[in-house]
Amino acid sequence: MPELPEVETIRQGLRGQILGATIRDVELTGCRIFQTPAELLLERLPQQQLVEIDRRGKFLIVRLNRDRLVIHLGMTGQLTVWYPERPDSEGFLRHPVTGLQRVRQHSADKHTHLQLHFEDGRSLLFRDPRKFGKCHLLEKESELTALLAHLGMEPLSDEYTLPAFLNGLKGRKTSIKALLLNQRVVAGVGNIYADEALFQASIHPSRRANRLRRYEKERLFQAIRLALEKGVTYGGTTLRDYVNSDGREGGNQDELLVYGRTEQPCPRCGVRIEKIVVAQRGTHFCPSCQPRSRPNPNVAVLSQNVAY
DNA sequence: CGTTGATCCTGGGCGC
DNA sequence: TGCGCCCAGGATCAAC
């Protein structure tokens, strides 16, 4: 589940590795992930140079000298740079206990849908076993704007402000978790970081967005940014498939407070973490720190002080 | 406006 | 060892 921190980690890695590279030729599979006809990709991509790599929410935007290649990694997407002088790993090795991938580099396999071969001998490989990813080639900037038009604020940018966040929650009767997942208020938050941010803010994931107290919304506003920044700092969260542009797993899985920690003690109070379903997603929370009911105004000031 | 359920897809985990 | 079954889930869409 590449979310903002994973996509940002990949972006930073790719910038350091392949900025300025020129595409020599292209290989691709006839897969649903392509939102642009294969003939167009094969016709337009060769000879283009990688000028910049941007990110918007969970979308990666590879800026070429003429076009824009937009990639969404879906759930299991991997974007790695393949080096000719580097030995390929054997298959996809997994850590015997954690199940984490221990792969540095692998050559293209049946799940590799796009290969950009560069003039210098290296390649950029887009692999996605579950095929929930998307790949667009856009010739006009206006097409890019339209594609990303539904996205809310970038939580790690200056446009992420408390007034805008409060405004995004206003009148929304949906659960706060569903609101965070839907990308329209804040872009880039997925299942993992939603649970982490809600825990940090001591808010039950099922609470109605417009029923949160003002101080809870403020805490959540901060917690979202902190959870995502932490994810970037640790190089993303590898639960199973995520690897960075160098084929390596992230480190944030060891830092998670509640996600995937069902039955384990809450890091704050020791009560066992529960797993429920909210907004059709597995949801982890502490039943003690994140009570289902709206907090009483009389204890609001108290809990505010405890939480931060 | 809002929610629910289906859809896409495959590897992994589990029970037998 | 192997088979069948079920599940995970980001985004979108139909139905109500």
Side-chain angles (χ1 to χ4, degrees), chain A residues 1-8 10 29-35 55-60 70-79 91-103 106 108-114 126-136 146-152 155 167-197 205-212 228 231 236-243 249 253 256 258-263 275-284:
Chain A
M1 306 154 249
E3 306 179 27
L4 187 152
E6 290 73 38
V7 179
E8 178 62 19
I10 290 170
T29 62
C31 173
R32 298 176 57 101
I33 65 171
F34 293 106
Q35 308 295 299
R55 179 191 56 73
R56 180 79 173 90
K58 303 175 193 174
F59 289 86
L60 204 61
V70 181
I71 292 174
H72 191 294
L73 296 171
M75 289 189 51
T76 56
Q78 302 171 330
L79 213 46
F92 283 85
L93 306 180
R94 293 188 186 281
H95 188 278
V97 179
T98 63
L100 297 182
Q101 291 194 344
R102 292 272 165 207
V103 170
H106 59 83
D109 66 3
K110 62 172 179 173
H111 301 300
T112 305
H113 304 297
L114 176 66
F126 179 21
R127 182 176 184 270
D128 183 9
R130 224 159 282 190
K131 303 180 186 175
F132 279 16
K134 293 278 184 290
C135 178
H136 312 246
L147 181 67
L148 306 176
H150 68 285
L151 294 175
N167 197 45
L169 267 59
K170 198 173 292 178
R172 301 299 304 276
K173 297 176 181 173
T174 191
S175 70
I176 186 61
K177 172 138 181 184
L179 182 141
L180 291 183
L181 291 180
N182 113 350
Q183 310 298 307
R184 289 172 184 275
V185 177
V186 182
V189 178
N191 207 33
I192 296 171
Y193 295 96
D195 283 5
E196 293 295 295
S206 298
R207 299 267 308 281
R208 305 297 114 186
N210 64 345
R211 300 273 293 161
L212 298 181
L228 295 172
T237 302
T238 301
L239 297 177
R240 173 154 285 127
D241 298 292
Y242 166 71
V243 290
E249 67 268 26
Q253 59 280 359
L256 297 176
V258 289
Y259 189 89
R261 307 238 178 265
T262 315
E263 301 289 297
K275 184 176 182 184
I276 59 175
V277 174
V278 178
Q280 267 89 326
R281 294 287 174 267
T283 299
H284 312 73

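A note on names: the letters A, B, ... follow the listed sequences, proteins ahead of strands, and every chain is numbered from 1. Keep in mind that this is a model prediction, so the values were computed, not measured. Values below: every heavy atom of this structure, side chains too, minus hydrogens, waters and symmetry copies.
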Item to check | Comparing A:Lys110 and A:Ala279 on DNA chain B - which has the more 5′ nearest nucleotide | outcome: A:Ala279
Checklist entry - According to the interplanar angle, ranging from 0 to 90°, do the rings of A:Phe59 and A:His72 count as parallel (below 30°), tilted (30 to 60°) or perpendicular (above 60°)? => result perpendicular
Item to check | Distance below 4.0 Å between A:Arg172 side-chain N/O and B:dT3 OP1 or OP2 | outcome: no
Checklist entry - In whole angstrom, what separates A:Lys131's NZ from B:dT7's C1'? => result 15 Å
Next on the checklist: B:dG11, OP1 or OP2 - any side-chain N/O from A:His111 closer than 4.0 Å?
Outcome noted: yes
Checklist outcome for this item: In 5'-to-3' order, the base (B), backbone-only (S) or no-contact (-) status of each nucleotide in nucleotides 10-15 of chain C, using a 4.0 angstrom heavy-atom cut-off, is BB----
Checklist entry - Any sub-3.5 Å donor-acceptor pair from A:Gln35's side-chain atoms to A:Ile33's backbone N or O? => result yes
Checklist outcome for this item: Scanning both residues in full, the closest heavy-atom pair of A:Thr283 with A:Pro205 reads CG2-CG, 3.4 Å
Item to check | Gap between atoms CG and C1', on A:Asp109 and B:dT10 respectively (whole Å) | outcome: 13 Å
Checklist entry - Reckon A:Gly133 touches a base, only the sugar-phosphate, or nothing at all at heavy-atom distances under 4.0 Å? => result nothing
Item to check | Gap between atoms CG and P, on A:Leu169 and B:dG2 respectively (whole Å) | outcome: 11 Å
Checklist outcome for this item: From CG of A:Asp128 across to P of B:dT10 the rounded distance in Å is 10 Å
Item to check | Spacing of A:Gln35 atom CD relative to B:dC8 atom P, expressed in whole Å | outcome: 15 Å
Checklist entry - What is the distance from CD of A:Gln280 to C1' of B:dA6, rounded to the nearest Å? => result 10 Å
Item to check | Spacing between A:Arg240 atom CZ and B:dG12 atom P, to the nearest angstrom | outcome: 7 Å
Checklist entry - Would you call A:Ile10 and A:Tyr242 a side-chain contact if the rule is heavy atoms closer than 4.5 Å? => result yes
Checklist entry - Among B:dC9, C:dG9, B:dT4, which is the nearest nucleotide to the side chain of A:Tyr259? => result C:dG9
Item to check | Phosphate contact (B:dC1 OP1 or OP2) by A:Thr174 side-chain N/O below 4.0 Å | outcome: no
Item to check | Sequence-distant partners of A:Phe126, ring-ring contact (aromatic ring centres under 6.0 Å, His included), two or more places apart | outcome: none
Next on the checklist: Under 4.0 Å from OP1 or OP2 of C:dG9: is there any side-chain N or O of A:Arg130 that close?
Outcome noted: no
Next on the checklist: Using every non-hydrogen atom in the two residues, find where A:Ala187 and A:Arg56 come nearest and quote the distance to one decimal.
Outcome noted: CB-NH1, 3.8 Å
Next on the checklist: Does any part of the side chain of A:Leu60, heavy atoms only, come nearer than 4.5 Å to the side chain of A:Leu73, both counted from C-beta?
Outcome noted: no
Checklist entry - CG of A:Asn210 versus C1' of B:dG2: gap in Å, rounded? => result 12 Å
